[in-house]
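Below is one structure, written out as structure tokens; comments come after it.
Note that this is a predicted model, so its numbers are computed, not measured. Values reported hereafter were calculated over all heavy atoms of this structure, with side chains retained and with hydrogens, waters and symmetry mates removed. A, B, ... follow the sequence lines: proteins, then strands. Residue 1 opens every chain.
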Protein chains: 2
Amino acid sequence: MIRNAASKETARKPNMREAILAAAEELFATNGFNAVSVRDIAQAAGANPGSVTYHFKTKDGLLLEIYRRHCGPMNLRRSELLAAAKRVRDLQDRLEAVVRAYVAPAFTSGSDLAGGGARFTRLRAVMSAEGNEVARKIIAQTFDDTSHAFIDAIHDSLPHVPRTDIVWRSHFLLGALYYSLVTPDRVSRLSRGEADGNDAASAIEQLVQATVAAFQAPALDQAAPARRRPVVSSKT
Amino acid sequence: MIRNAASKETARKPNMREAILAAAEELFATNGFNAVSVRDIAQAAGANPGSVTYHFKTKDGLLLEIYRRHCGPMNLRRSELLAAAKRVRDLQDRLEAVVRAYVAPAFTSGSDLAGGGARFTRLRAVMSAEGNEVARKIIAQTFDDTSHAFIDAIHDSLPHVPRTDIVWRSHFLLGALYYSLVTPDRVSRLSRGEADGNDAASAIEQLVQATVAAFQAPALDQAAPARRRPVVSSKT
DNA sequence: ATGTGATTTGTACTATCGTACAAAAAATCA
DNA sequence: TGATTTTTTGTACGATAGTACAAATCACAT
């Protein structure tokens, strides 16, 4: 939408550059950073390997640009959604709205820059698992603000739950979200075809519902640490 | 334990072989498969690169052996824990016991083969994210049985929740578990030091409590699909 | 101690990696 | 159109990858 700006950006002829970015995003998201060569990317984009060097200098630079391109619009969109969610009156409904505002943009398909999108979210999941340095840096300095904003919003809806628990549970949420995008087929397989792990709408609803319940769980204060230790025999 | 068998296995002098396996497990789990070279592994194990080839033939063979070594004892142990959990009378307590039986072994430290252990679990998380072929094959044929057993056990404690929902929620559980092992520092960072993401006991308690609540969430039947669609403006 | 098989070492081969760079092609503007 | 800049191509270089293999070394039964 926001397009006809004719800025002084280097977007003179974005065809090849954009194709390379898209191909790299897809390949990195499915195979990891190190498993994909610059030549793989060039071939998938219908470009020459040297063209990648020309546009992005290095392979790291290419990854960095993928992040750069997404992070700005994405955080903006998330702020909007969060602000709207925070205006919901009913406390229970507000919690669900906040969670949904966090979850939904991660599942959008296509090249939805603003929402983040499933492809970029999956990319982040994979980079996180690989401990990629470039990703780690840009993520810590770009996403933590947003994460804190969401955590605060959730905490406002659940004043009786300590912040520590909220942090843990939001961490679990992100893990579940990532994993749903990384291995959707596992859901189809384990449900014996009754559920479709690749159906974004189902994933969102299931994740929102489960997560809201998780956030609403009673506080886990260390006052009663060894409430019960069931099962676990002592065989080493 | 089962050791002095003097079988015809090639376990005559396991020192170096074991060192290589341990080093590879650690390096793969933290950096991914492709980012780690055979030379890296050999160096970390104090071995010669050729020694890796001698014991495991190929790099894939080395990864395969890591899985092979863990899967048997691990599934055995999980079955034991699950069986014990299923003997818990109270339905609510049983659910928690089953979840704990699933979660706890994944966080054990050291070279605990039977439990699975944090290192191997993290390795599985990373391989899953990278879409590693070797791992994908062995996982589908080794873990699905156990997963089904746990899903069935949880379903028994929650008869009113459709199996589909149980599958989704158990999928979220595994994702949260993986992510907790992959990026524990994020918890410490977001909680501003109030929580320690690397503390296994805390992680287990938090994860069990949150997950039990998630499983207990009301069923999400498609009878009421558009219960409410809060927030989300329609800007594409 | 000595011979034998198992293991470790050292090294080399080929393939592919990321990247550099000059030449060709395309695009832009006077 | 011709000049100039931007983009694409083709190719090459050094580094490192996985793996193979012969020689050296070790463990140990005889």
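- Scanning residues 21-31 of chain A for heavy-atom distances under 4.0 Å to DNA chain D yields an empty list.
- Under the 3.5 Å distance criterion, the side-chain polar atoms of B/S128 are left unmatched by any main-chain donor or acceptor of B/R124.
- Distance alone, capped at 3.5 Å, is enough to place a donor-acceptor pair between the A/R122 side chain and the A/A29 backbone.
- With a 6.0 Å cutoff to the six-membered ring centre and a 45° limit on the axis angle, B/R78 counts as a cation-pi contact of B/Y102.
- What separates OH of A/Y54 from P of D/dT8 is a distance of 7 Å, to the nearest Å.
- Of the possible donor and acceptor atoms, none in the side chain of B/T183 sits under 3.5 Å from a partner among the backbone N and O of B/R186.
- A donor-acceptor distance shorter than 3.5 angstrom exists from the side chain of A/H148 to the backbone of B/L190, with no hydrogens or angles considered.
- Summarising the geometry, the separation between CE on B/M16 and P on C/dT8 is reported as 6 Å, rounded to the nearest angstrom.
- Annotation: cation-pi pair B/K59/B/F33 present, NZ/CZ under 6.0 Å from the ring centroid and within 45° of its normal.
- Atoms CG (B/N34) and P (D/dT16) sit 17 Å apart, rounded to a whole Å.
- Side-chain N/O atoms of A/S51 include one lying less than 4.0 angstrom from OP1 or OP2 on D/dT8.
- Rounded to an integer number of Å, the gap from CD1 of A/I20 to P of C/dT19 is 14 Å.
- For C/dG10, one of the phosphate oxygens OP1 or OP2 lies less than 4.0 angstrom from a side-chain nitrogen or oxygen of B/N48.
- Using a 4.0 Å cutoff on non-hydrogen atoms, the parts of residues 35-44 of chain B near DNA chain C are B/R39, ordered by number.
- Aromatic ring centres of A/F172 and B/F172 lie farther apart than the 6.0 Å criterion allows.
- B/W168 and B/H171 have perpendicular rings, their planes meeting at more than 60° on a 0 to 90° scale where under 30° would count as parallel.
- In this structure, B/T142 contributes its side chain and B/I139 its backbone to no donor-acceptor pair below 3.5 Å.
- Atom NZ in A/K59 sits roughly 15 Å away from atom P in C/dA20 (whole-Å rounding).
- Checking the phosphate oxygens (OP1, OP2) of D/dT8, a side-chain nitrogen or oxygen of A/H55 falls inside 4.0 Å.
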